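This report concerns only the one structure given below.
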Amino acid sequence: MPGGQPDNATNPKLSEKPFLRLLTQGPKAPLPATPPVWLMRQAGRYLPEYRKVREEAGGFLNLCYNPKRAAEVTIQPIQRYGFDAAILFSDILVVPDALGQPVRFETGEGPRLDPITDPSGLSILDPSNTDKIYSHIYESVERIKGELPDETTLIGFCGAPFTVATYMIAGRGTPDQAPSRMFAYKYPDAFAQLIDMLVDSSIEYLCGQIRAGAEVVQVFDSWASVLPDDEFIKWCQEPMVRIVAGVRQYHPDVPIIGFPRAVGPLYEDYIDKTGVNAVGCDTSLPLTWIRDKLQSRTVVQGNLDPILLLNGGPQLEHRVKRIIETLSNGRHIFNLGHGIIKETPPEHVTRLMELIRGSAS
Ligand code: 1CP
């Protein structure tokens with residue numbers, strides 16, 4: 001059962017947390033001197049200290065389900081760089097694993113699941129027993145919350161139903177998500193049933209993370225952009241409307257960040273219909289368009305090119321400056337447009353933090 005627990009409204013530390021403050025204050029409140037910052041996939045293989053723990057844990061999911069180790073890798077990038085937010089170390093594919101479709105991570109490769117190829121494949125899913133897996137994650141959240149510096153906000157997360165469904169149907173990452181798109185056209189009722197189950201389980205899972213101590217939640221719809229607009233509305237936007245309503249019913253004050261990656265002009269209606277407190281902006285969105293069309297609607301997060309962070313140098317300096325100049329008159333959280341690339345030299349992130357924190361005019 002979701003629910004319980006005090007929310008951010010009663011959090012005495014709110015004023016000490018720049019990231020949470022920006023997300024909870026209205027558009028008229030004074031802005032911080034420099035934007036709060038965190039990076040998608042900030043805990044991960046580009047950090048030598050992560051690689052060490054990952055090796056000791058013996059497998060990626062073992063790391064996700066071991067609260068002590070998961071807490072350790074969540075906090076590593078905070079200790080190294082002092083980001084304003086920590087994101088729970090876990091993965092979006094914990095949800096199918098909890099629903100009864102086992103997930104494996106093979107070394108050097110992405111995730112693997114036994115694919116659901118037709119409606120009969122849905123019969124293996126059992127939404128009544130997910131706590132067996134989710135409880136490990138909630139324990140990680142509690143532990144992280146207890147160990148984080150007071151000024152750091154803790155972000156919980158899940159994958160959006162469509163993005164999670166693409167892995168459940170294909171059994172792996174694919175370049176174009178064709179298997180799930182075909183499934184949705186061929187078997188729309190069964191696809192709707194899967195999306196509905198993922199909506200309910202995501203609400204339960206996000207509320208569990210919030211009860212355990214997550215102060216903000218983000219929903220990653222990494223593959224939303226492969227859908228035509230009417231399918232996007234049906235399989236991405238409407239499910240997100242229900243997730244936002246479902247979480248807010250129990251936790252009305254916890255900010256929710258949506259990330260419908262690369263959907264271009266569809267961002268505007270997505271913000272208006274879902275009522276998210278912020279949107280993650282991918283690399284392809286023009287900065288002035290973000291400022292003029294999105295920042296007037298909600299808080300914007302993004303959108304440095306991860307490849308530019310990998311490359312570093314004067315182009316990085318120039319672009320960081322331009323992002324901050326363009327978005328600094330409104331509510332902006334500095335982030336990448338997608339996850340950090342594993343070959344990124346850790347010192348490029350150090351330089352990025354110097355540029356952001358030194359940007360006060
Ligand atoms: O070998 C390793 O160490 C595994 C690499 C790795 C990591 C570090 C995976 C496998 N997942 C994660 C952690 C993770 N994943 C986090 C928490 C850490 C943080 O952000 O600091 C988060 C938020 C995710 C989210 C995630 N997983 C997304 C959505 C965001 C995005 O990048 O688009 C997706 C699509 C996944 C699936 C996934 N998990 C891992 C891989 C390699 C993939 C992509 C697979 C593919 O499409 O081929």
Side-chain angles (χ1 to χ4, degrees), residues 37-66 69-81 83 85-97 103-113 137 140-141 144 152 154-180 202 205-206 209 214 216-226 257-263 280 282-283 301-302 306 335-344 349:
V37 51
W38 70 282
L39 303 181
M40 286 187 278
R41 296 275 180 112
Q42 64 192 16
R45 281 177 292 181
Y46 74 110
L47 291 178
E49 59 269 35
Y50 169 84
R51 294 196 295 269
K52 186 163 171 286
V53 179
R54 162 92 157 86
E55 204 168 298
E56 286 164 7
F60 176 70
L61 275 184
N62 285 343
L63 180 52
C64 294
Y65 296 153
N66 180 322
R69 288 206 161 100
E72 188 180 352
V73 296
T74 301
I75 294 166
Q76 284 172 347
I78 308 304
Q79 286 170 333
R80 194 187 258 258
Y81 299 115
F83 293 123
I87 183 160
L88 159 71
F89 189 84
S90 177
D91 195 77
I92 63 166
L93 298 176
V94 157
V95 170
D97 206 41
V103 178
R104 313 175 288 282
F105 280 87
E106 281 145 28
T107 326
E109 292 183 56
R112 295 288 182 272
L113 305 84
I137 309 289
S140 304
V141 174
I144 299 162
T152 315
L154 178 55
I155 306 172
F157 75 94
C158 69
F162 175 71
T163 286
V164 174
T166 66
Y167 292 94
M168 296 173 79
I169 290 171
R172 59 194 299 160
T174 54
D176 53 7
Q177 288 70 51
S180 52
S202 302
Y205 182 46
L206 291 176
Q209 293 179 43
V216 172
V217 290
Q218 174 153 330
V219 180
F220 290 86
D221 215 346
S222 305
W223 304 124
S225 67
V226 297
I257 306 173
F259 182 42
R261 189 166 75 89
V263 301
D282 64 86
T283 305
Q301 174 174 281
N335 205 318
L336 298 170
H338 200 189
I340 192 164
I341 292 165
K342 69 176 194 301
E343 291 79 11
T344 304
V349 179

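When a ligand or atom number is given, it counts from 1 through the structure's own listing order. A quick note: this is a predicted structure, and the numbers were derived from the prediction, not measured.
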> Considering only heavy atoms, which protein residues lie less than 4.0 Å from any atom of ligand 1?
Replying inline: R41, Q42, A43, R45, Y50, R54, F60, I87, L88, F89, S90, D91, I92, F105, P111, F157, Y167, G173, F220, S222, W223, H338
>> Taking ring-ring contact (aromatic ring centres under 6.0 Å, His included) as the definition, give me every residue that meets it alongside F259, ordered by chain and number, with sequence neighbours left out.
In response: none
> How are the rings of F157 and F220 set relative to one another: parallel (under 30°), tilted (30 to 60°) or perpendicular (over 60°)?
Replying inline: perpendicular
> Considering the options Q79, R54, R80, Q76, which one meets the side-chain hydrogen bond (donor to acceptor under 3.5 Å, both in side chains) requirement together with E49?
Replying inline: R80
> With Q218, which residues qualify under side-chain hydrogen bond (donor to acceptor under 3.5 Å, both in side chains), at least two apart?
Replying inline: Q301
> Any idea how F60 and F89 line up, ring-wise: parallel (<30°), tilted (30 to 60°), or perpendicular (>60°)?
Replying inline: perpendicular
> For E56, what residues pass the side-chain hydrogen bond (donor to acceptor under 3.5 Å, both in side chains) criterion, not counting sequence neighbours?
Replying inline: K52
